[in-house]
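Before any comments, here is the structure.
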Amino acid sequence: MNKYNILGWSLLFDALGYVSLVFPPFDFIWAPLSAYLMTKLYKGKEGKIAAIISFVEEALPFLDVVPTFSLMWLYTYVFKTYNTQKKAT
């Protein structure tokens, strides 16, 4: 998958997280599923850490507004890439 496909999935998964604002029991299904999906979209140590954060964020009430998947995409493909390029020069 290229980075823009991952961005599309991230936006979709963040939108699914907002469902629990209307239907709170959805969190019981979505919290573990979002953690699993996070590990599949973002590999390695960062993906595992993001999965834990995603699970906690979705499981706790009123934190569902944080776009965890999109923030992880920004970290992976914008900030981390920028720092790698900066170190190379």
Side-chain angles (χ1 to χ4, degrees):
M1 264 206 278
N2 69 26
K3 66 181 181 179
Y4 297 109
N5 285 340
I6 294 174
L7 175 61
W9 285 110
S10 295
L11 293 171
L12 174 68
F13 295 151
D14 283 335
L16 278 173
Y18 291 127
V19 170
S20 64
L21 295 174
V22 177
F23 186 65
F26 182 69
D27 273 341
F28 292 113
I29 297 167
W30 182 242
L33 184 58
S34 72
Y36 173 77
L37 292 170
M38 186 70 80
T39 60
K40 294 302 172 190
L41 279 181
Y42 303 102
K43 303 292 183 191
K45 182 179 169 183
E46 290 94 357
K48 291 176 184 176
I49 293 169
I52 293 167
I53 292 169
S54 178
F55 178 81
V56 170
E57 180 254 330
E58 292 295 341
L60 293 175
F62 307 114
L63 288 180
D64 294 334
V65 296
V66 178
T68 313
F69 284 92
S70 299
L71 290 173
M72 184 61 184
W73 187 88
L74 283 172
Y75 169 75
T76 303
Y77 294 105
V78 177
F79 299 124
K80 191 174 175 184
T81 305
Y82 175 76
N83 286 336
T84 305
Q85 291 173 351
K86 190 175 180 182
K87 287 179 184 178
T89 58

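All values below come from the heavy atoms of this structure, side chains included, with hydrogens, waters and symmetry mates left out.
Taking every heavy atom of both residues into account, Asn5 and Asn2 meet most closely at N-OD1, 2.8 Å. Smallest separation of non-hydrogen atoms from Ser54 and Met38: CB-CE, 4.0 Å. Across every non-hydrogen atom of Ala50 and Thr68, the tightest pair is O-CG2, 4.4 Å. Closest non-hydrogen pair, Thr76 versus Tyr42, comes out as OG1-CD2, 3.7 Å. Of all non-hydrogen atoms in Leu16 and Phe26, the two that sit nearest each other are O-CE2, 3.3 Å. Nearest heavy-atom pair, Ala31 versus Ala59, reported as atom, atom and distance to 0.1 Å: CB-N, 4.0 Å.
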- request: Evaluate the criterion side-chain contact (heavy atoms from CB on, under 4.5 Å) for residue pair Trp9 and Leu37; output intermediate values, then yes/no.
  value: CA-CA 10 Å; Trp9 285 110; Leu37 292 170; over 6 Å; no
- prompt: What's the verdict on side-chain contact (heavy atoms from CB on, under 4.5 Å) for Leu11 and Trp73, showing C-alpha distance, side-chain angles and the deciding distance?
  reply: CA-CA 10 Å; Leu11 293 171; Trp73 187 88; over 6 Å; no
message: Run Trp30 and Phe13 through side-chain contact (heavy atoms from CB on, under 4.5 Å) and show every step you take.
response: CA-CA 10 Å; Trp30 182 242; Phe13 295 151; 3.9 Å; yes
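With contacts defined as side-chain heavy-atom distances shorter than 4.5 Å, the pair Leu71/Asp14 does not qualify. Within the 4.5 Å cutoff, the side chain of Ile6 has heavy atoms near those of the Tyr77 side chain.
Within a 6.0 Å radius of OH in Tyr18, more than 12 heavy atoms belonging to other residues, nucleotides or ligands are found.
Hydrophobic clustering (side-chain heavy atoms under 4.5 Å, transitive across Ile, Leu, Val, Met, Phe, Trp, Tyr) groups Leu7 together with Val78. Grouping the Ile, Leu, Val, Met, Phe, Trp and Tyr side chains by contacts below 4.5 angstrom, directly or via other members, places Phe79 with Leu41. Cluster annotation: Leu12 is not connected to Val65 through the hydrophobic network of ILVMFWY side chains, with a link wherever side-chain heavy atoms come within less than 4.5 Å. Taken together through direct or relayed side-chain contacts under 4.5 Å among Ile, Leu, Val, Met, Phe, Trp and Tyr, Leu63 and Val56 form part of one hydrophobic cluster. Side-chain heavy atoms closer than 4.5 Å link hydrophobic residues (I, L, V, M, F, W, Y) into clusters, and following such links, even through other members, never connects Phe55 to Phe28.
Under the 3.5 Å distance criterion, with hydrogens and angles disregarded, no donor-acceptor pair is assigned to the side chains of Glu58 and Ser34.
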